[in-house]
Amino acid sequence: MAKERAKRHKITKCTMAMLITLAVFVFILLLMLILRTNQAVCEFVCRHFVNAYQAVAGRFYSVTSVNIFEILVTLAILYAIASIVFAIVLFCKNKKITSRRIMLALLLVCFGIANLYTFSAGFAYNRDAAPIEIYQGEISKDLALQSFITLIDDLNASYAQIGQYNEDGSVICPYNEKQLNEKIRQAVNETLTNDFYYDYTPKAKPVISSGIMTLNRIAGITFLPTCEPGYNKDMLAVDVVHTIAHEYAHSKGVMREYEANLVGTYVLLSSGDAFLKYCGYIYAVGYIKELIKYDETYFDNLKEYPIVDGFVQDEKNIFNWWMSQPSLGDIGNFFNDLYLKINGQQDGTGSYEETPGTDEIIIGGEDGKPDIYLEVITEYTNMHRMLVGFATRQAGQN
């Protein structure tokens, strides 16, 4: 009896090897989590090791247009369910050693994925600021207004250059999906030339299960272990472009969300392509309007320098499309918020935008009308400064 009990509790060589491997995986993960708190280490790891990994893995996974991430997620879920079920069944049949091995194997897979993801994506959350051209000086009211006028003129000109419109005035994308992806990829390569960014630019891929993304209000997702910028293919074309540019920013080593928005917008506006610029303005127009939110002249300036009606219609169409789609509520936002906080973004999903300095002024109502409370900008964000810098260069070229 004693010998049989000892035999059951004896750890086999296979189990011991799995335990040692698991301990190594846990140690490596903890070490990376500690190391990534140091910005200099993060920068070194990303520029040298992750960049090299991206060059190899990115080319490998870009061979196919199928989103490998989706396949791996599906397989991982099936594997996890099967492992747990088999482990329970074997445990109930008193085959405890085999049951434990199955659960150990599952833990090895989980920690292996966690290590690979932490290496390929985790370090980039604590990198230096992404280098793009932004206006560094003081933004006076005159400069803000002139930048606003230049940008609105450029927006309207981009709309006119596209030349293809629906009956409601909204634009028609002049490219098919493959051409559009390649146009954005080319713009990324031509714009993000600083050695801060990873050398290889992978291919953006539509997510087959975009319906699930829509249910969770997810526009795009980039899985760094497979170097795949993925996007919700069901969105309107004018909405999907900035999403792809945003995901490309992630794939080039820009993980903080507000910086990915900044870099993505910068790429689109700098592309020289009318449709890409137009879609960049779809995202940036709110910031452009904020440039002149410094006093009561805000409303007069909006009226004096109007945006073309077709652009306003495109904004409405994007809003109406999202509002017309079924939703699972706040589930997607909850998990995204949790993920970002785990990766050091204390504001969670609030980190998608920088918060400008603001103040509130009261504009006295005329002819018995009620007062207007206007929230004015007292401190511009990097997005505002990038737009001012872009406008300044545009004005210099004209």
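Because the structure is a prediction, the values reported are computed rather than measured. The first residue in the sequence is number 1, and the count goes up from there.
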Do the ring centers of Tyr165 and Tyr159 come within less than 6.0 Å of each other? yes
Please evaluate residues Lys93 and Val89 with respect to the criterion side chain to side chain contact (heavy atoms under 4.5 Å, CB included), reporting the C-alpha separation (whole Å), side-chain torsions for both, the decisive distance (0.1 Å), and the verdict. CA-CA 6 Å; Lys93 290 183 177 181; Val89 170; 3.9 Å; yes
Ring of Tyr248, cation from Arg185 - is the NZ or CZ under 6.0 Å from the centre and inside 45° of the axis? no
Would you kindly say whether Asp239 and Trp322 are connected by a side-chain donor-acceptor distance under 3.5 Å? yes
Closer than 3.5 angstrom, by distance alone: can the side chain of Glu360 be matched with the main-chain N or O of Tyr373 as a donor-acceptor pair? no
The reported gap from NE2 in His384 to CD1 in Ile288 (rounded to nearest 0.5 angstrom) is 9.5 Å
Is there a chain of hydrophobic side chains (I, L, V, M, F, W, Y, each step under 4.5 Å between heavy atoms) that links Ile152 to Leu143? yes
Salt-bridge test for Lys316 and Asp168: reply yes if a basic N is under 4.0 Å from a carboxylate O, no otherwise. no
Would a single hydrophobic cluster contain both Leu236 and Val171, if residues Ile, Leu, Val, Met, Phe, Trp and Tyr are joined by side-chain heavy-atom contacts under 4.5 Å? yes
Smallest separation among heavy atoms of Thr243 and Ala219, with atom names: CG2-O, 3.3 Å
Enter the distance from Tyr125:OH to Arg36:CZ here, rounded to the nearest 0.5 Å. 9.0 Å
Within 45° of the six-membered ring axis of Tyr198 and under 6.0 Å from that ring's centre, is NZ or CZ of Lys252 located there? no
Give me the ring orientation class for His242 and His246: parallel if the planes are under 30° apart, tilted from 30 to 60°, perpendicular past 60°. tilted
Classify the side-chain pair Thr15/Arg101 by whether it contains a donor and acceptor separated by less than 3.5 Å. yes
hydrophobic_cluster_shared for Leu224 and Ile68, side chain cutoff 4.5 Å: no
Looking at Asn166, is its backbone amide N or carbonyl O close enough to the side chain of Ser170 to form a donor-acceptor pair, meaning the two atoms are under 3.5 Å apart? no
Check the surroundings of atom CD1 in Ile212: do more than 12 heavy atoms from other residues, nucleotides or ligands lie under 6.0 Å from it? no
Is a side-chain N or O of Thr381 found less than 3.5 angstrom from the main chain of Pro356, in a donor-acceptor match? no
Test item: side-chain donor near acceptor, Gln146 and Asp142, under 3.5 Å: no
One should read off an interatomic distance between Thr297 OG1 and Glu304 CD, to the nearest 0.5 angstrom, of 10.0 Å
Separation between CZ (Phe123) and CE (Met32), nearest 0.5 Å, reads 6.0 Å
In the structure I gave you, are the side-chain heavy atoms of Cys227 and Tyr53 within less than 4.5 Å of one another anywhere? yes
Stepwise side chain to side chain contact (heavy atoms under 4.5 Å, CB included) test for Val388 and Leu291: CA-CA 8 Å; Val388 170; Leu291 287 175; 3.7 Å; yes
Side-chain donor or acceptor of Asn67 paired with backbone N/O of Ile208 under 3.5 Å: no
Would you please indicate yes or no on a ring centroid separation below 6.0 angstrom for Phe311 and Tyr278? yes
Mark yes or no for whether Arg127, through its side chain, and Gly253, through its backbone, hold a donor-acceptor pair below 3.5 Å. yes
Donor-acceptor contact below 3.5 Å, side chain Glu259 vs main chain Ala130: yes
Could you grab the distance from atom CD of Glu70 to atom CE of Met213, nearest 0.5 Å is fine? 8.5 Å
Side chain to side chain contact (heavy atoms under 4.5 Å, CB included) evaluation trace for Leu262 with Ile132: CA-CA 9 Å; Leu262 177 63; Ile132 63 167; 3.4 Å; yes
Could you verify whether a donor N or O on one side chain and an acceptor N or O on the other, from Thr214 and Gln325, lie under 3.5 Å apart? no
In this structure, are over 12 heavy atoms from other groups packed under 6.0 Å from Glu138 atom CD? no
Give, for atom CG of Leu387 and atom CZ of Arg385, the distance between the pair rounded to the nearest 0.5 Å. 12.0 Å
Single hit among Ile184, Asp273, Val241, Asn181 for side chain to side chain contact (heavy atoms under 4.5 Å, CB included) with Tyr175: Asp273
Looking at Phe49, I'd like to know if its CZ atom is crowded, meaning that more than 12 non-hydrogen atoms belonging to other residues, nucleotides or ligands lie closer than 6.0 Å. no
Step by step, work out the side-chain hydrogen bond (donor to acceptor under 3.5 Å, both in side chains) result for Tyr380 and Glu290. CA-CA 9 Å; Tyr380 292 109; Glu290 285 181 343; over 6 Å; no
Quick check: is Leu29 connected to Ile113 through a chain of hydrophobic side chains (ILVMFWY, heavy atoms under 4.5 Å apart)? no
Decide whether Val24 and Leu116 are clustered together by the hydrophobic rule: side chain heavy atoms of Ile, Leu, Val, Met, Phe, Trp, Tyr closer than 4.5 Å, transitively. yes
May I have the step-by-step check of side-chain hydrogen bond (donor to acceptor under 3.5 Å, both in side chains) for Asn382 and Tyr258, ending in yes or no? CA-CA 9 Å; Asn382 285 324; Tyr258 71 88; 5.8 Å; no
Inspect the surroundings of OH in Tyr79 and state if more than 12 heavy atoms from other residues, nucleotides or ligands are less than 6.0 Å away. yes
Thr378 and Asp359: side-chain donor and acceptor closer than 3.5 Å? no
Full working for side chain to side chain contact (heavy atoms under 4.5 Å, CB included) between Val56 and Tyr200: CA-CA 9 Å; Val56 177; Tyr200 182 71; over 6 Å; no
For Lys233, I'd like to know if atom NZ has over 12 heavy atoms of other residues, nucleotides or ligands within 6.0 Å. yes
If you apply the rule side-chain hydrogen bond (donor to acceptor under 3.5 Å, both in side chains), what do you find for Gln186 with Glu182, and how did you get there? CA-CA 6 Å; Gln186 180 182 349; Glu182 193 53 41; over 6 Å; no
Can you list the steps and then say if Asn317 with Gln313 is a side-chain hydrogen bond (donor to acceptor under 3.5 Å, both in side chains)? CA-CA 6 Å; Asn317 290 346; Gln313 186 60 50; 2.9 Å; yes
Assess the pair Phe25 and Phe111: is the distance between their ring centroids shorter than 6.0 Å? no
